[in-house]
Amino acid sequence: MTASTPALTARLPVDVVNALVAIVGRDHVLTDPSVTISYSRDWSGRYGGTVFGVVRPGSTQEVVEVIKTCVAHQIPVLPQGGNTGLVGGSVPGHDDPPMLIVSTRRLNRLDAVDQLTGQVTVGSGVTLGDLHAHVNASGWNYGVDLASRESCTVGGNIGTNAGGIRVCCYGMTRKQVVGIEVVLPDGSVMSHLTGLIKDNTGYNFPSLFTGSEGTLGVITAARLALVRPPRASAVALIGVANAQHALSIVSSAAPSGSRLLAAEIIDAPMLKLIADTASLPMPLSAPSPHLLLLETESEAPGEISMTLPGEVEAVVATDAQAKARFWKYRELAGESVGHLGITHRFDVSVPRHRWDEFSHAVRDAVMPLPDVAYYFSFGHLADGNLHLEVVGPAADDDRVDDTVLHLVADFGGSISAEHGVGRQKPKYLHLSRSAAEIAAMRVLKNAFDPHGLFNPGALLPAE
Ligand SMILES: Cc1cc2nc3c(=O)[nH]c(=O)nc-3n(C[C@H](O)[C@H](O)[C@H](O)COP(=O)(O)OP(=O)(O)OC[C@H]3O[C@@H](n4cnc5c(N)ncnc54)[C@H](O)[C@@H]3O)c2cc1C
């Protein structure tokens, strides 16, 4: 399905519509295709399929009643947050059965920050941006941050185990989730939001549901660990020859007592596209093959605690406005490529010392493929996490995907560093997971969702 394809909507039986309306109210059952279209296609425009409509429950109890209704009528459901996922997990696929989107956006509770533990309990539909604003006001930070922060939700971040720009300092989403509430496919509620620091009482459900991509239940709330904000920080943009050069700078950039807060890299074609698309000046006077963005903690506002080698060209910002301007070069990457057309996006990781070798191998293998017009690379350097963007081939042409993901396996990497598997990668899951692991995932899936009604077609390959 492409961006020009009209929304496809299947009709729900009238008694189901009536039951849903009785649960959530008429305003929160959406069936008009001109409204549901934005829920049935993903942000990238590459994925989308047929929906029955959208239901927007406003409480955990309403989620329970919605799920019971769907299961009683054997209607497939797809939990959706901000629909910013980039692997087709948040929308039905072109060949999937119609699904009912369960939008979590009204599950937006924001409890007071627990100052003693540095934790907060929030609804799964809270956007990441609202979560940041809420905890910042109480003197804390939340350790996960992404460019999609104003749209993506806590539930979606947990569903995908989102990474983002602060992983090198605070870790992925899984590390922050200390408690979870989920409505399971049988309609029962599993709620464990105490946030006890020590709680060794068996299987760890926050961890299991983190990265479950809507296949095991609807996450309705989470207890999140917070972090203390850095005292102050400085952001540098640095011209570098390649990733290896950048890594050598990163490894000694933050002196003892100061934390490395971010290390991002952008290749020259990507930087030029961002600057052209957003009408930004090129940040450095001399062109270089890559731009490195570094953020380190400093002792006080206006100060710079960052060690940079003498021979590189760099500009450094310490005030909030200038830092935000520098970050734009990185944060507008995905959006800028989107303007060029349907993009085959890859979010992969490889051992960091093989970044350059891998990136060259991908470019050499992909550029000769039919219809490929552009290749860009950028990513979270400190985590060995590359974002590769290939523009040109049709949405359903998998030749680029085949090539890139097999190369990832050859280089000992992961086919999904942070976006998840979605509908883009189930058939490639074996490249990163063993047969035993995939079999164990199936056992879990069948145990939680015996009717296969939760996000069918996502994450696990067809049997
Ligand atoms: C500009 C841009 C930049 C991005 N940068 C990053 C980045 O740096 N790092 C990164 O990791 N990702 C990034 N992403 C991808 C995306 O924002 C993340 O995957 C995000 O976590 C998705 O959140 P969402 O609320 O939009 O989820 P959705 O897209 O709505 O859903 C994603 C998946 O989670 C499931 N899900 C959503 N809510 C729930 C719930 N309540 N219960 C159960 N399952 C649920 C869905 O079924 C689906 O499988 C970026 C995306 C964009 C557009």
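Because the structure is predicted, anything quoted here is derived from the model rather than measured. Counting from 1, the numbers follow the sequence of the chain as shown. Order of listing sets the numbers, starting from 1, for every ligand and every atom in it.
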Visitor: Ligand 1 versus Glu331, non-hydrogen atoms closer than 4.0 Å: side chain, backbone, both, neither?
Guide: neither
Visitor: Would you say His380 contacts ligand 1, with heavy atoms under 4.0 Å as the rule?
Guide: yes
Visitor: How close does the nearest protein non-hydrogen atom get to atom 33 (C) of ligand 1, and which residue and atom is it?
Guide: Thr160 CG2, 3.6 Å
Visitor: Looking at Gln80, which atoms of ligand 1 are within less than 4.0 Å of one of its heavy atoms?
Guide: 30 (O)
Visitor: Any atoms of ligand 1 less than 4.0 Å from a non-hydrogen atom of Thr104? List them with their elements.
Guide: 41 (N)
Visitor: Please report the shortest heavy-atom distance between Lys328 and Ile274, naming the atom on each side.
Guide: O-CG2, 4.2 Å
Visitor: How does Thr153 reach ligand 1, by side chain, by backbone, by both or by neither, if only non-hydrogen atoms under 4.0 Å count?
Guide: both
Visitor: With a 4.0 Å cut-off on heavy atoms, does Gly422 reach ligand 1?
Guide: no
Visitor: Could you pull out, from Pro79, Ser44, Ser124, the option with a heavy atom nearest to atom 46 (C) of ligand 1?
Guide: Pro79
Visitor: Ser151: which residues meet the side chain to side chain contact (heavy atoms under 4.5 Å, CB included) condition with it, sequence neighbours left out?
Guide: Thr84
Visitor: Is there a heavy atom in Ala458 that sits closer than 4.0 Å to ligand 1?
Guide: no
Visitor: List for me each residue that meets side-chain hydrogen bond (donor to acceptor under 3.5 Å, both in side chains) alongside Glu62, sequence neighbours excluded, and say none if there are none.
Guide: none
Visitor: Can you list the atoms of ligand 1 that are under 4.0 Å from a heavy atom of Gly89?
Guide: 47 (O), 48 (C), 49 (O)
